[in-house]
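Following: one structure in structure tokens, then a few remarks.
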There are 2 protein chains.
Amino acid sequence: MIEYSRQPHYLVAVDCIVFGFDGEHLKILLVKRGLEPEINKWSLIGGFVGADESPDDAANRVLKKMTGLEGVYLEQMQIYGDPGRDPIERTFSVGYFALIDIHKYQAQLNDDYEAEWFLINDRPKLIFDHNQMVADARKKLRYKAALHPILFEMLPKKFTIPQLHILFEEVNDTKIDTRNFSRKISSTGLLIKLAEKDKTGSKKGAFYFKLDKKKYTANSQAFLNLIPNLKI
Amino acid sequence: MIEYSRQPHYLVAVDCIVFGFDGEHLKILLVKRGLEPEINKWSLIGGFVGADESPDDAANRVLKKMTGLEGVYLEQMQIYGDPGRDPIERTFSVGYFALIDIHKYQAQLNDDYEAEWFLINDRPKLIFDHNQMVADARKKLRYKAALHPILFEMLPKKFTIPQLHILFEEVNDTKIDTRNFSRKISSTGLLIKLAEKDKTGSKKGAFYFKLDKKKYTANSQAFLNLIPNLKI
DNA sequence: ATTATTAATTGTCGTTTTGACAATTAATAA
DNA sequence: TTATTAATTGTCAAAACGACAATTAATAAT
């Protein structure tokens with residue numbers, strides 16, 4: 001008879017791929033690892049799941065510590081649990097991706113934890129299977145963002161259509177026609193046009209928009225087909 | 001400094017929601033639990049992750065044992081890890097859902113393991129958080145099946161359009177217009193019409209179809225929008 | 001042999017969505 | 001006043017969509 005006591009016990013951790021957008025490029029937040037093995041090498045932000053917290057709790061705790069932010073958009077990807085993925089001891093890791101407004105990130109934490117933002121396409125090699133995690137996160141972000149309005153999570157409260165446009169192009173690594181993009185975004189009914197314009201970067205200026213929070217909350221799970229000619 | 005040795009260690013398990021289709025209704029496979037606590041109560045099929053296997057390995061092992069099948073369609077849902085979800089000891093469980101051809105299921109295993117198929121809408125209460133897992137699995141199955149051609153995994157090699165139609169209606173718990181359904185399924189180009197007809201259940205008979213394996217493999221990740229007026 | 005019955009199969013049409021395409025507008029700089 | 005630059009908006013044909021019911025192929029009944 002199988003009994004609990006005879007079963008092997010393992011460490012369980014979380015690792016977060018933190019995405020941000022600086023107005024031009026998609027970025028991820030990495031830290032220099034603070035413990036052996038592989039100390040001082042670049043890794044995802046993460047930590048062990050404590051005795052009294054769920055994996056989601058642990059991810060939120062780690063995010064709070066490393067970004068200063070609470071209530072971040074967080075999505076569980078999958079569990080990474082190949083034997084030997086951690087050379088010291090069998091460790092399972094629950095992978096998450098997080099979307100944050102990079103401007104809310106508390107920059108002093110860079111020094112505190114040796115954290116740094118990297119361009120998604122120009123990042124250092126990471127420890128263990130973290131490179132695979134990043135690849136998986138990018139794929140899942142692309143998938144989800146094609147169907148659901150989640151990319152707003154990476155923009156400030158006021159943003160312009162051109163900003164949103166660039167973000168979509170960055171995430172999907174493709175060019176999107178401005179006319180069709182505007183029409184599609186507009187047809188979601190999720191945006192509210194503000195009177196103010198963003199004059200940085202152009203003479204004409206681009207109108208600011210904000211999210212219609214009510215509709216956004218109500219429609220956050222809606223299928224939207226936001227990417228033309230989508231193939232995954 | 002955080003060190004591995006000071007961290008708590010936990011049990012890690014897998015639990016599988018096994019879906020099948022008997023031609024009329026969606027069903028799930030349940031077993032009477034063979035160990036304390038909650039022995040002899042209905043539960044999902046599952047087991048602990050062994051020292052030398054990944055969670056995917058463990059899920060496949062458990063599925064092989066309980067259904068006799070290998071290479072089953074298996075999809076990881078999420079990890080269940082609330083403290084206290086298992087009253088004996090902190091245990092994480094990786095939830096999977098599996099789609100199998102119910103006719104390939106080896107029925108003698110019913111007796112060997114006290115396993116039984118239940119209508120998805122008429123099933124016993126399950127142990128721990130397994131009821132939540134089933135609800136999550138149903139939702140995820142619906143989501144995935146709306147976008148990707150995965151329901152074929154629950155049908156035999158030869159199947160008819162009416163069979164497929166009923167399966168879609170069962171999964172989505174809604175009526176779907178036959179004309180629009182046929183057109184949409186046909187437009188995927190995934191089906192090959194056979195000469196043979198299925199005469200059971202109607203005088204006219206319904207033509208058998210089979211999957212175009214090549215296109216299926218190539219398109220298994222394609223977005224298809226298979227459900228009309230989809231809201232999730 | 002003809003008709004009745006039953007379920008499978010197929011077709012139409014107006015509306016909406018899509019994707020490919022470039023001209024216009026609003027502001028500042030020259 | 002004109003030039004410049006980026007934001008914004010419009011058209012059109014093709015495809016996809018959803019709502020709708022008639023026809024067909026087989027067997028059973030008369």
Side-chain angles (χ1 to χ4, degrees), chain A residues 23-24 146-149 155 158-170 172 174-210 219 222-232, chain B residues 23-24 146-149 155 158-170 172 174-210 219 222-232:
Chain A
E24 295 186 48
L147 296 168
H148 305 284
L155 289 171
K158 296 187 303 185
F159 53 87
T160 67
I161 301 293
Q163 276 171 27
L164 190 61
H165 185 212
I166 293 170
L167 176 53
F168 268 79
E169 290 189 333
E170 275 287 307
N172 291 283
T174 183
K175 286 288 171 191
I176 301 175
D177 182 86
T178 52
R179 292 155 288 188
N180 295 337
F181 180 77
S182 292
R183 181 180 29 169
K184 199 162 266 190
I185 290 294
S186 165
S187 74
T188 65
L190 291 174
L191 297 193
I192 297 174
K193 191 175 193 171
L194 304 180
E196 191 186 357
K197 269 188 170 182
D198 170 24
K199 292 293 189 61
T200 67
S202 88
K203 293 161 189 166
K204 183 176 177 179
F207 279 105
Y208 278 116
F209 288 78
K210 66 173 181 180
N219 286 11
F223 277 112
L224 290 178
N225 191 16
L226 296 166
I227 304 302
N229 295 322
L230 184 56
K231 298 277 186 303
I232 293 220
Chain B
E24 295 186 46
L147 296 168
H148 305 283
L155 289 171
K158 295 188 303 184
F159 54 87
T160 67
I161 302 293
Q163 276 172 28
L164 190 60
H165 185 214
I166 293 170
L167 176 53
F168 268 80
E169 291 189 333
E170 275 287 306
N172 291 283
T174 183
K175 286 288 171 192
I176 302 175
D177 182 86
T178 52
R179 292 156 286 191
N180 295 337
F181 180 77
S182 292
R183 173 166 36 128
K184 199 162 267 191
I185 290 294
S186 165
S187 74
T188 65
L190 291 174
L191 297 193
I192 297 174
K193 193 176 193 170
L194 303 180
E196 191 186 357
K197 270 188 171 184
D198 171 23
K199 292 291 189 62
T200 68
S202 90
K203 295 160 188 165
K204 183 175 177 179
F207 280 104
Y208 279 116
F209 289 78
K210 67 173 182 179
N219 285 12
F223 278 112
L224 289 178
N225 190 17
L226 296 165
I227 304 300
N229 296 321
L230 184 57
K231 298 278 188 300
I232 294 220

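Just so we're clear, the structure is a prediction, and the values are computed from it rather than from any experiment. Quick note on labels: first sequence line is chain A, next is B, and so on, each numbered from 1.
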* Does B/R179 offer a backbone N or O that forms a donor-acceptor pair with the side chain of B/S182 under 3.5 Å? ->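 No; judged by distance alone, with no hydrogens or angles, the pair does not exist.
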Tell me if a side-chain donor or acceptor on A/N172 pairs with a main-chain N or O of A/T174 at a distance below 3.5 Å.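 Answer holds: no.
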Can you tell me how far [atom2] of [N] sits from [atom1] of [X], to the nearest Å?
X      : N      : atom1 : atom2 : answer
B/E196 : D/dA26 : CD    : P     : 14 Å
A/L164 : D/dT8  : CG    : P     : 12 Å
B/Q163 : C/dA8  : CD    : P     : 10 Å
B/L194 : C/dA8  : CG    : C1'   : 16 Å
B/F209 : C/dA8  : CZ    : C1'   : 10 Å
B/K203 : C/dA4  : NZ    : C1'   : 8 Å
A/D198 : D/dA6  : CG    : P     : 14 Å
B/D177 : D/dA22 : CG    : C1'   : 13 Å

TODO: Would you mind classifying the nucleic acid contact of B/T160 as base, sugar-phosphate or nothing, using non-hydrogen atoms under 4.0 angstrom?
DONE: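 No contact.
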Touch check for B/S182, heavy atoms < 4.0 angstrom, all strands: base, sugar-phosphate only, or nothing?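 If one applies the 4.0 Å heavy-atom cut-off, B/S182 turns out to touch a base.
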* Go through the steps to decide whether B/F207 and B/I161 satisfy the test side chain to side chain contact (heavy atoms under 4.5 Å, CB included), and finish with yes or no. => CA-CA 8 Å; B/F207 280 104; B/I161 302 293; over 6 Å; no
Should [X] and [Y] count as side-chain neighbours, where that means a heavy-atom distance under 4.5 Å?
X      : Y      : answer
B/K204 : B/K197 : yes
A/Y208 : A/T160 : yes
A/I176 : A/H165 : yes
B/F159 : B/L191 : yes

Check every atom of [options] against the side chain of [X] and return the nucleotide holding the closest atom.
X      : options               : answer
B/K184 : C/dT10, D/dT8, D/dC17 : D/dC17
B/S202 : D/dA25, D/dT27, C/dA7 : C/dA7
A/R179 : C/dT18, C/dC21, D/dA6 : C/dC21

I want to confirm an ordering. Mapping B/S187 and B/T178 to their closest nucleotides on DNA chain D, which one lands closer to the 5' end?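 Final value for this comparison: B/S187.
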*Base D/dG10 paired with A/R183 side chain (donor-acceptor, <3.5 Å)*: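 Counting by modelled atom types and ignoring angles, no donor-acceptor contact under 3.5 Å is found here.
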| request: Using only heavy-atom distances, decide whether a donor-acceptor pair under 3.5 angstrom links the side-chain of A/K204 to the base of C/dA26. | output: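 Result: no qualifying N/O pair found.
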With both pairing distances under 3.5 angstrom for Watson-Crick or G-U wobble, and | for a partner in another strand, the correct string for DNA chain C is ||||||||||||||||||||||||||||||
